[in-house]
S.K.: 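Pasting a structure here, questions to come.
Sequence lines set the chain letters: A, B, ... in the order given, protein chains first and strands last, and positions in each chain run from 1.
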Protein chains: 2
Amino acid sequence: MGRTRLGRDDWADAALDALADGGLAAVAVEPIAARLGATKGSFYWHFANRDALVEAALARWADRHTDAVIRELDPITDPAERLAALLDATIGRPVANRAELALLAHADHPAVAPVLAAVTARRVEFIAAAYQQMGCTARDARHRAVLGYTAHIGLIQAQRATAGALLPDADRPAYLRFLAGVIRPPAGD
Amino acid sequence: MGRTRLGRDDWADAALDALADGGLAAVAVEPIAARLGATKGSFYWHFANRDALVEAALARWADRHTDAVIRELDPITDPAERLAALLDATIGRPVANRAELALLAHADHPAVAPVLAAVTARRVEFIAAAYQQMGCTARDARHRAVLGYTAHIGLIQAQRATAGALLPDADRPAYLRFLAGVIRPPAGD
DNA sequence: CATGCTCCGTACGCTAGCGTATGGTCGAAC
DNA sequence: GTTCGACCATACGCTAGCGTACGGAGCATG
């Protein structure tokens, strides 16, 4: 199991895994080497230093959880349907959420900050575009997008903070319906 | 300046400061000792270990930014007015927000988790009570409270992530009005 | 002015993780 | 089948921060 030789990508994948379930601090050379059954000797052949590993993990994350999702959803022409698909691809994705939280936790880190800023802007942009297509003004569309996105971010944070006690699973669908009703633009077409 | 002898409270205050502007990792004995112009010798007289210092900082935070605020606002009888006062005491408080973010960043830390859970529950409870007093059902009041609170948490996160570019200061009042309009219960009285 | 207690500084050992140096292994090419 | 280069292990030094041991300062009390 596992090739005998490791490539740069193997390290990057392992780094993203470590990020998701141990936070940024877990993106550490020696622990990951142990997990891969290798040593630092291998790592420093493929990467200059730890920062390079962090950046590789970040790039992977941005691609998988933002760029790829947008690429897949963009072809959907109906904006409401597109948003529904986004919700479906976003809600209740524990792995994605864990990496998300880990990065939010280090938003001021020099390597994390630019990636996070770009990803956040791109996502809100994507949502706002849909609302605008539904007939909202640019300003109103942006407000709805910001509300939807921040409500999502805030909810995963608060849910983790309270171990899910804030909003029991049984109440979740009702809350989501409430939220959708509140954000939905008035009439539109 | 600065007494020659330090007390337990001096260390706890310094720890809360360090937490606010350097995160949980900054609640470290030696750096804080240096900032206080003292050494570890002093610290280990007043505290058993670093964890005790973290807990002291946490307790201070919970009291100052939740218990004290609620104590002060609870006497306001009109629920709408009470919520307005809460908003006023919460929005745009950079120091409070920084500590907030630092703790959210370590929600899974064994010492942080229980404090954060209690604080979150207490705050949402406080907001929901106001909406219920305005005539909402318990369930609806809770939904509005969760939305309001998570939108707030999410916004400070996203604003930090984008260095404030997500919602420019000029657009902030308009967004807040939009949000208030959306959360406000239908008729009430 | 001796005694004792409170508070603090200094010096030390310990650990985890980063980064480097150096030599070894394995496959491919010739 | 030797040679070369890609890849990796071992061993080392370095740093920051935790925690401990111990001695000394300073003040109150008798």
Side-chain angles (χ1 to χ4, degrees), chain A residues 1-60 99 102-103 105-106 108-112, chain B residues 1-60 99 102-103 105-106 108-112:
Chain A
M1 107 163 279
R3 330 173 216 16
T4 55
R5 308 281 271 218
L6 264 35
R8 206 174 193 273
D9 284 352
D10 298 309
W11 283 95
D13 281 335
L16 184 51
D17 286 356
L19 176 67
D21 62 51
L24 195 58
V27 183
V29 179
E30 280 159 320
I32 294 183
R35 194 152 119 182
L36 284 174
T39 65
K40 297 193 292 183
S42 169
F43 173 78
Y44 283 100
W45 174 259
H46 297 289
F47 294 86
N49 50 30
R50 190 211 162 203
D51 285 349
L53 181 62
V54 170
E55 280 179 33
L58 253 30
R60 249 177 167 57
L103 292 183
H106 296 271
D108 46 350
H109 185 288
V112 174
Chain B
M1 104 162 283
R3 328 173 216 17
T4 55
R5 308 281 269 218
L6 263 35
R8 207 174 192 275
D9 285 351
D10 298 310
W11 283 96
D13 283 335
L16 184 52
D17 286 356
L19 176 68
D21 61 53
L24 195 58
V27 183
V29 180
E30 280 159 319
I32 294 182
R35 195 153 118 180
L36 284 174
T39 66
K40 297 193 293 185
S42 169
F43 173 78
Y44 283 100
W45 175 259
H46 297 289
F47 293 86
N49 50 29
R50 190 211 162 202
D51 284 349
L53 181 61
V54 171
E55 280 179 33
L58 252 31
R60 248 177 166 58
L103 293 183
H106 296 269
D108 46 349
H109 186 289
V112 174

S.K.: What nucleotide among D:dC18, C:dG9, D:dA9 has an atom nearest to a side-chain atom of B:A28?
M.R.: D:dC18
S.K.: Does the side chain of A:L16 come within less than 4.5 Å of A:L58's, by heavy atoms?
M.R.: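 No, their side chains stay 4.5 Å or more apart.
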S.K.: Has A:H46 got a side-chain N or O lying under 4.0 Å from the OP1 or OP2 atom of D:dC8?
M.R.: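 So the side chain of A:H46 is within the cut-off, an N or O lying under 4.0 Å from OP1 or OP2 of D:dC8.
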S.K.: Rounded to whole Å, how long is the line connecting atom CZ of B:R8 with atom P of C:dC7?
M.R.: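 My rounded result for the distance is 12 Å.
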S.K.: Keeping the roles fixed (side chain from B:D17, backbone from B:A20), state whether a donor-acceptor pair exists under 3.5 Å.
M.R.: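 Side chain of B:D17 to backbone of B:A20: no pair is present.
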S.K.: Is the B:W11-B:F47 ring centre distance short of 6.0 angstrom?
M.R.: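 No, they do not, as the ring centres are separated by 6.0 Å or more.
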S.K.: Rounded to whole angstrom units, what separation is found between the OH atom of A:Y44 and the C1' atom of D:dT10?
M.R.: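 So the two atoms are 15 Å apart, to the nearest Å.
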S.K.: Of the listed nucleotides (D:dC18, D:dC8, C:dC18), which one gets closest to any side-chain atom of A:V29?
M.R.: C:dC18
S.K.: Please state how far atom CG in A:D10 lies from atom C1' in D:dC8, giving the value in whole angstrom units.
M.R.: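 The answer, rounded to whole Å, is 14 Å.
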S.K.: With a 4.0 Å limit, can you tell me whether B:W45 has a side-chain N or O closer than that to the phosphate oxygens OP1/OP2 of C:dC8?
M.R.: no
S.K.: May I have the distance from B:L36 (atom CG) to C:dG9 (atom P), rounded to whole angstrom?
M.R.: 10 Å
S.K.: Can you identify which nucleotide, out of D:dC18, D:dC8, C:dG9, has its nearest atom closest to the B:R50 side chain?
M.R.: D:dC18
S.K.: Contact class for B:F43 vs. all strands (heavy atom < 4.0 Å): base, sugar-phosphate, or nothing?
M.R.: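 Counting heavy atoms under 4.0 Å across all strands, no contact is made by B:F43.
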S.K.: Can you measure A:L6 atom CG to C:dC26 atom C1' for me and round it to whole angstrom units?
M.R.: 15 Å
S.K.: Within less than 4.0 Å of OP1 or OP2 of D:dC7, is there a side-chain N or O belonging to A:R5?
M.R.: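 For D:dC7, neither OP1 nor OP2 has a side-chain N or O of A:R5 closer than 4.0 Å.
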S.K.: Is the backbone of B:A15 close enough, under 3.5 Å, to the side chain of B:R60 for a donor and an acceptor to pair up by distance?
M.R.: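 Side chain of B:R60 to backbone of B:A15: no pair is present.
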S.K.: Pick the nucleotide of DNA chain C nearest each of A:P31 and B:T39; which residue has the one closer to the 5' end?
M.R.: B:T39
S.K.: Take atom CZ of A:F47 and atom P of C:dT20, then tell me their distance rounded to the nearest Å.
M.R.: 15 Å
S.K.: Measure from the side chain of A:E30, starting at C-beta and using heavy atoms only, and say which of D:dC8, C:dG17, C:dG9 lies closest.
M.R.: C:dG17
S.K.: Donor-acceptor pair, A:H106 side chain versus A:G23 backbone, under 3.5 Å?
M.R.: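 No: the side chain of A:H106 does not pair with the backbone of A:G23.
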